[in-house]
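Right, one structure below, let's go through it.
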2 protein chains.
Amino acid sequence: MNPQTGLDHTLMALADPTRRAILQRLTHGEARVTELAKPFDMSLNAVSKHIQVLERAHLVKRRREGREHVLAANPEPLDAAAAWIENQRAFWNHRLDLLERELKAHDASQNPRRKK
Amino acid sequence: MNPQTGLDHTLMALADPTRRAILQRLTHGEARVTELAKPFDMSLNAVSKHIQVLERAHLVKRRREGREHVLAANPEPLDAAAAWIENQRAFWNHRLDLLERELKAHDASQNPRRKK
DNA sequence: TTATCATTCAACCATTTGGTTGAATGATAA
DNA sequence: TTATCATTCAACCAAATGGTTGAATGATAA
């Protein structure tokens, strides 16, 4: 219903170091839940939950292969997140440009043609 | 202590539409708390708290001017967030390249010099 | 001075998060 | 078949979020 909810989920999912590590691991290739859990000092169940959060954000997709679940990264939602941030930076830089221009103009009128 | 805590805070702060709206508003210029709160259908106190979350993430800075607090966006933490995401995408694209190359090689050996 | 304005602090509340343990499910291997 | 393996489900817990209201603080205006 709320269209920015996707972005909410994406950023929320990324805001946890365990989940970022899982994602990073998955960009190097698919992995099963147990494999993903191995590096972490927490229960398998905890990792399972983290994966579900990543799934809710559509940052990973799951394929059932018999008794094992194979996880793969799906970086598509990252596009919206990157776009939001870049947009933010663009506006910010635009504003800085305006400021600088104004400062230069002020400078010139106050103290024209000075060196350095 | 944990160096990625900054990124945690940044992404967590961005994962809320109210806070993203506040940030966006601030890229167009400084504003006081009351001004920032006006568009939102929630108490002034709630917005005050959102601002504190943005402050914790160093995404806004506050200047006291008499009884009013003037807020300004500080986009610097966005750099790390953007960098993380871009890095992620780079690795992903690299992996896709490898995959495509492998597919092409396989194709060629299976069905060499076919058209289309 | 005193009232008002801008803001935070404090306490409270419901919900979500991030973790645990133990049992259930469902596929595979002996 | 039966035991084992991979995984989730369910219940629980502590802490954090996102909101509320009411009082406190501190600057300004009458």
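All chains are named by letter (A, B, ...) in the order of the sequence lines, taking the proteins before the strands, and each is independently numbered beginning at 1.
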Legend entry - Euclidean distance, atom NE2 of residue His50(B) to atom C1' of dT8(C) [Å, nearest integer]: 16 Å
Inset, instruction - Among the candidates dT4(D), dC9(D), dA6(C), find the nucleotide nearest to the side-chain atoms of Arg67(A). - result: dT4(D)
Legend entry - Phosphate-side-chain proximity, His69(B) and dT8(C), N/O vs OP1/OP2 below 4.0 Å: yes
Inset, instruction - Tell which nucleotide pairs with dT16(C), taking only Watson-Crick or G-U wobble pairs whose two distances are both under 3.5 angstrom. - result: dA15(D)
Legend entry - Nucleotide dC5(C), atom P - distance to CD of Glu68(B) in whole Å: 13 Å
Legend entry - Atom-to-atom span, CG of Leu11(B) to P of dT17(D) - whole angstrom: 14 Å
Inset, instruction - Please tell me which of Asn45(B) and Val53(B) maps to the more 5' nucleotide of DNA chain D, matching each residue to the nucleotide holding its nearest heavy atom. - result: Val53(B)
Legend entry - d(CG, Asp8(B); P, dT17(C)) in whole Å: 15 Å
Inset, instruction - Grab the two heavy atoms, one from Pro77(B) and one from His58(B), that are nearest each other, plus how far apart they are. - result: CG-O, 3.3 Å
Inset, instruction - Round to a whole Å and report the spacing from CZ of Arg32(A) to P of dA27(C). - result: 16 Å
Inset, instruction - Could you check how far CD of Glu65(A) sits from C1' of dA6(D), rounded to whole Å? - result: 13 Å
Inset, instruction - With Glu68(A) as reference, evaluate Arg62(A), Arg32(A), Arg63(A) under the salt bridge (charged side-chain N to carboxylate O under 4.0 Å, His left out) test and give the passing residue. - result: Arg32(A)
Inset, instruction - For Leu54(A) and dT17(C), give me the distance from atom CG to atom P, rounded to whole Å. - result: 13 Å
Legend entry - Nucleotide forming a Watson-Crick or wobble pair with dT1(D), both distances under 3.5 Å: dA30(C)
Inset, instruction - Could you pick out which residue, Ser43(A) or Arg56(A), lies toward the 5' side of DNA chain C when each is mapped onto its nearest nucleotide? - result: Arg56(A)
Inset, instruction - State, without any angle test, whether His69(B) and Arg64(B) hold a side-chain donor-acceptor pair at a distance under 3.5 Å. - result: no
Inset, instruction - Mind calculating the distance between CD1 (Ile51(B)) and P (dA6(C)) to the nearest angstrom? - result: 14 Å
Inset, instruction - Compare side-chain N and O positions of Arg19(B) against OP1 and OP2 of dG18(D) and report whether any pair is under 4.0 Å apart. - result: yes
Legend entry - Residue met sooner reading DNA chain C from 5', once Asp16(A) and Lys49(B) are mapped to nucleotides: Lys49(B)
Legend entry - Under-4.0 Å salt bridge between Glu86(A) and Arg89(A): yes
Inset, instruction - Ignoring hydrogens and angles, answer whether the base of dG19(D) and the side-chain atoms of Asp41(B) contain a donor-acceptor pair closer than 3.5 Å. - result: no
Inset, instruction - Please determine, for dA23(C), whether a Watson-Crick or G-U wobble partner exists with both distances under 3.5 Å, and give it or none. - result: dT8(D)
Legend entry - Non-hydrogen atoms of Pro39(B) and Glu35(B) that approach each other most closely: CD-O, 3.6 Å
Legend entry - Residue Met42(A), side-chain heavy atoms: nucleotide from dT20(C), dA6(C), dG18(C) that is nearest: dT20(C)
